[in-house]
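Here's the structure, in structure tokens; my notes come after.
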Amino acid sequence: MSYLLILLATLAWSFVGVLVKTASTMVDSAIISFARFFFGVICLAIYLFIRDGNIRIRLGMKWIWIGAIAKAVNYVFENIALKIGYSYGNILVQPVQTVVLLFAAGLLFKEKISMRGWISAALCVAGVIVIGWNGTPLEELVHGSGLTTLLFTLSGIGAAVHVLSQRMLLETIDNGNMNLSIFLLSALMVAVPIPIQSHGFIGPITLWAWGALILLGVITGLSFFWFAEGIKRVPFAVVAIAGNCTVLFTILWSYLFFRDPITIYLISGTLIFVTGILLLNFTIPRQAAMKTPVYERSNPIDQ
């Protein structure tokens with residue numbers, strides 16, 4: 001069962017790019033950002049009510065607000081970049097998140113970063129650069145794919161700050177109600193500019209697009225529960241490898257569903273940053289990892 005939960009979470013995260021692309025045929029990125037949080041809050045609230053018989057919303061904590069802003073930034077920039085770029089583009093978010101969290105561990109929490117950690121960070125950065133470049137001429141890079149790389153980088157920074165907020169909050173509030181509070185605030189934040197910024201429905205209303213919006217919410221609300229439960233009972237090596245298989249699945253789906261071009265630069269960059277992330281993961285013993293805040297594991301616990 002534990003392996004199945006990890007597989008479900010990994011597969012769910014890998015479909016985000018394809019689902020955003022599908023939803024963008026009907027609505028713009030502003031609506032997609034709101035829907036991811038809105039349906040996520042509904043799914044998470046139902047789950048928590050079934051599990052605990054009640055739900056608790058905590059809005060008076062500083063790190064709840066920081067986490068909400070960061071997660072909103074994560075989704076807004078990711079959705080814009082996915083709309084204008086390829087559906088596999090969000091594979092850049094994870095290595096950026098890993099590097100930011102590594103620096104945060106050293107700068108904010110005064111934790112010693114080993115040489116292997118710095119090598120891991122360098123490999124992640126190198127992989128992002130290779131994928132962002134993708135063999136594109138400099139002029140086209142500045143006006144085209146360079147923009148999407150920048151957007152995914154900002155999204156990765158937002159994802160990292162969100163995970164940092166979780167680390168700060170886990171001692172005072174349980175995981176489920178913490179994320180419910182953060183996602184609710186994020187939904188309200190991204191909803192504010194919709195009346196003046198969003199174009200609403202920009203394409204034909206289809207069952208596929210509506211299904212994509214709802215599934216994005218389910219992924220936001222529930223996938224980290226599957227992953228968190230699964231990692232309790234499997235070897236950490238399996239966790240590290242399975243978490244990073246998201247990248248490979250994402251590339252596969254982008255080709256199968258949208259025929260996005262898979263270049264040698266994409267493959268090379270992916271191998272480079274996955275090597276870096278695995279190098280960092282395998283430095284953490286399983287027993288220590290289970291007691292370690294989630295930000296130190298480099299794998300995302302929610303999408």
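Please read all numbers here as calculations on a predicted model, not as lab measurements.
Two residues are said to be in side-chain contact when any heavy atoms from C-beta on lie closer than 4.5 Å; F77 and L150 fail this criterion. For the pair T153/L92, no side-chain contact is recorded, criterion being any heavy-atom separation below 4.5 Å from C-beta on. Side-chain contact between R56 and L48 is absent, with no heavy-atom pair separated by less than 4.5 Å. Contact annotation: the side chain of V73 never approaches that of I157 to less than 4.5 Å [non-hydrogen atoms, C-beta and beyond]. By the 4.5 Å heavy-atom criterion applied to side chains, T98 and L102 are not counted as neighbours. Between S24 and N79 there is no side-chain heavy-atom pair separated by less than 4.5 Å. With a 4.5 Å cut-off on side-chain heavy atoms, F152 and N90 count as touching.
For the residue pair Y255 / R259, a side-chain donor-acceptor distance below 3.5 Å is found, with atom types taken as modelled. Using modelled atom types and a 3.5 Å distance limit, the side chains of Q166 and N179 yield a donor-acceptor pair. Donor-acceptor pairing under 3.5 Å is lacking for the side chains of S87 and W253.
Nearest heavy atom pair, residue I262 against residue S254, reads CD1-OG, 4.1 Å. Minimum heavy-atom separation, L216 to V16: CD2-O, 4.0 Å. Annotation for I55 and A45: closest pair CG2-O, 3.7 Å, computed over non-hydrogen atoms. Taking both residues in full, the closest heavy atoms of T22 and T25 are given as O-OG1, 2.6 Å, listed atom of the first, atom of the second, then distance. The minimum heavy-atom distance linking S223 with I219 is given by the pair OG-O, 2.7 Å. Across all their heavy atoms, Y265 and I131 have their closest contact at O-CG1, 4.4 Å.
Criterion: ILVMFWY side-chain heavy atoms under 4.5 Å apart, direct or through other members. Under it, I66 and V192 are not part of a common hydrophobic cluster. Under the 4.5 Å side-chain contact rule for hydrophobic residues, I46 and L222 share a cluster. No single ILVMFWY cluster, assembled from side-chain heavy atoms under 4.5 Å apart, contains both I202 and F34. With hydrophobic clusters built from ILVMFWY side chains whose heavy atoms lie under 4.5 angstrom apart, W13 shares a cluster with I214. In the hydrophobic clustering of ILVMFWY residues, with side-chain heavy atoms under 4.5 Å counting as a link, V247 and L252 come out together.
For the atom pair CG (L101) and CG (L164), the distance works out to 5.5 Å, reported to the nearest 0.5 Å. Taken from CD1 in I182 to CG in L169, the straight-line distance is 6.0 Å, to the nearest 0.5 Å. The line from CE of M61 to OG of S165 is 10.5 Å long, rounded to the nearest 0.5 Å. Rounding to the nearest 0.5 angstrom, the gap separating the CE atom in M178 from the CD1 atom in I57 is 12.5 Å. Here F249 contributes atom CZ and L11 contributes atom CG; the two are 5.0 Å apart, rounded to the nearest 0.5 Å. To the nearest 0.5 Å, atom CD1 of residue I31 and atom CD1 of residue I194 are 4.0 Å apart.
Salt bridge E78/R36: present, at least one basic N to carboxylate O contact under 4.0 Å. A salt bridge is absent between K83 and D28: the closest approach of a Lys/Arg side-chain nitrogen to an acidic carboxylate oxygen does not fall below 4.0 angstrom. Salt bridge absent: R58 and D174 never bring a charged side-chain N and a carboxylate O closer than 4.0 Å.
Note: F39 and W210 fail the aromatic proximity criterion, with ring centroids not under 6.0 Å apart. In this structure, Y75 has its ring center under 6.0 Å from that of F37.
Screening L184, T220, V218, L180 against L44 for a side chain to side chain contact (heavy atoms under 4.5 Å, CB included) leaves a single residue, L180.
Under the 3.5 Å distance criterion, the side-chain polar atoms of S155 are left unmatched by any main-chain donor or acceptor of L151. Between the side chain of S198 and the backbone N or O of P195 there is no donor-acceptor pair closer than 3.5 Å. In this structure, the side chain of N74 does not engage the main chain of A70 through any donor-acceptor pair within 3.5 Å. Between the side chain of S120 and the backbone N or O of R116, no donor-acceptor pair lies under 3.5 Å. When atom types are taken as modelled, the side chain of K21 and the backbone of G85 share a donor-acceptor pair closer than 3.5 angstrom.
Counting heavy-atom neighbours within 6.0 Å of L4 CG, excluding the residue itself, gives a total above 12. Summarising the local packing, CH2 of W63 is surrounded by more than 12 heavy atoms from other residues, nucleotides or ligands at distances under 6.0 Å. Within 6.0 Å of atom CH2 in W208, 12 or fewer heavy atoms from other residues, nucleotides or ligands are found, so the atom counts as exposed in its surroundings.
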Notebook entry, point to check: Can you check side-chain contact (heavy atoms from CB on, under 4.5 Å) on V125 and V96, steps first, answer last?
Noted result: CA-CA 7 Å; V125 172; V96 171; over 6 Å; no
Next item on the list: Test side-chain contact (heavy atoms from CB on, under 4.5 Å) on W65 and L185 and set out the steps.
Entry: CA-CA 7 Å; W65 285 85; L185 275 179; 3.7 Å; yes
Notebook entry, point to check: Do F273 and I91 pass the side-chain contact (heavy atoms from CB on, under 4.5 Å) test, and can you show the C-alpha distance, the side-chain angles, and the key distance before you say yes or no?
Noted result: CA-CA 10 Å; F273 82 66; I91 64 175; 4.3 Å; yes
